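The block underneath contains the structure these notes are about, expressed in structure tokens.
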Amino acid sequence: MDTAAFLLMFIGPLTGSLVIAAGADKINARYRQRRAERAARIVAESDAHTV
């Protein structure tokens, strides 16, 4: 019983932080993709203006 409680205390926060880290990775990837799309659009617009 004590070991199970200890494992729950130890693994609980660990899995929570893993879930948070996975969510942060997903958000980061989405942010990077959006930023890349915006940069590509800005480059395309500036190219259109220079022609």
Side-chain angles (χ1 to χ4, degrees):
M1 182 63 188
D2 287 342
T3 53
F6 173 76
L7 282 175
L8 279 175
M9 277 173 43
F10 187 73
I11 293 174
L14 193 68
T15 53
S17 59
L18 283 175
V19 168
I20 290 170
D25 280 350
K26 200 175 296 183
I27 291 169
N28 264 346
R30 198 177 304 144
Y31 174 73
R32 276 197 301 268
Q33 181 181 359
R34 199 178 303 143
R35 194 173 54 188
E37 289 172 358
R38 190 179 302 134
R41 196 179 313 127
I42 289 169
V43 167
E45 286 177 2
S46 65
D47 284 350
H49 290 309
T50 53
V51 169

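Please read all numbers here as calculations on a predicted model, not as lab measurements. Here, residue 1 is the first one in the sequence, and each next residue gets the next number.
G12 approaches T15 most closely through the heavy-atom pair O-OG1, 2.8 Å.
To the nearest 0.5 Å, atoms CG (N28) and CZ (R35) are separated by 9.0 Å.
Here L18 pairs with nothing under the side chain to side chain contact (heavy atoms under 4.5 Å, CB included) rule; sequence neighbours left out.
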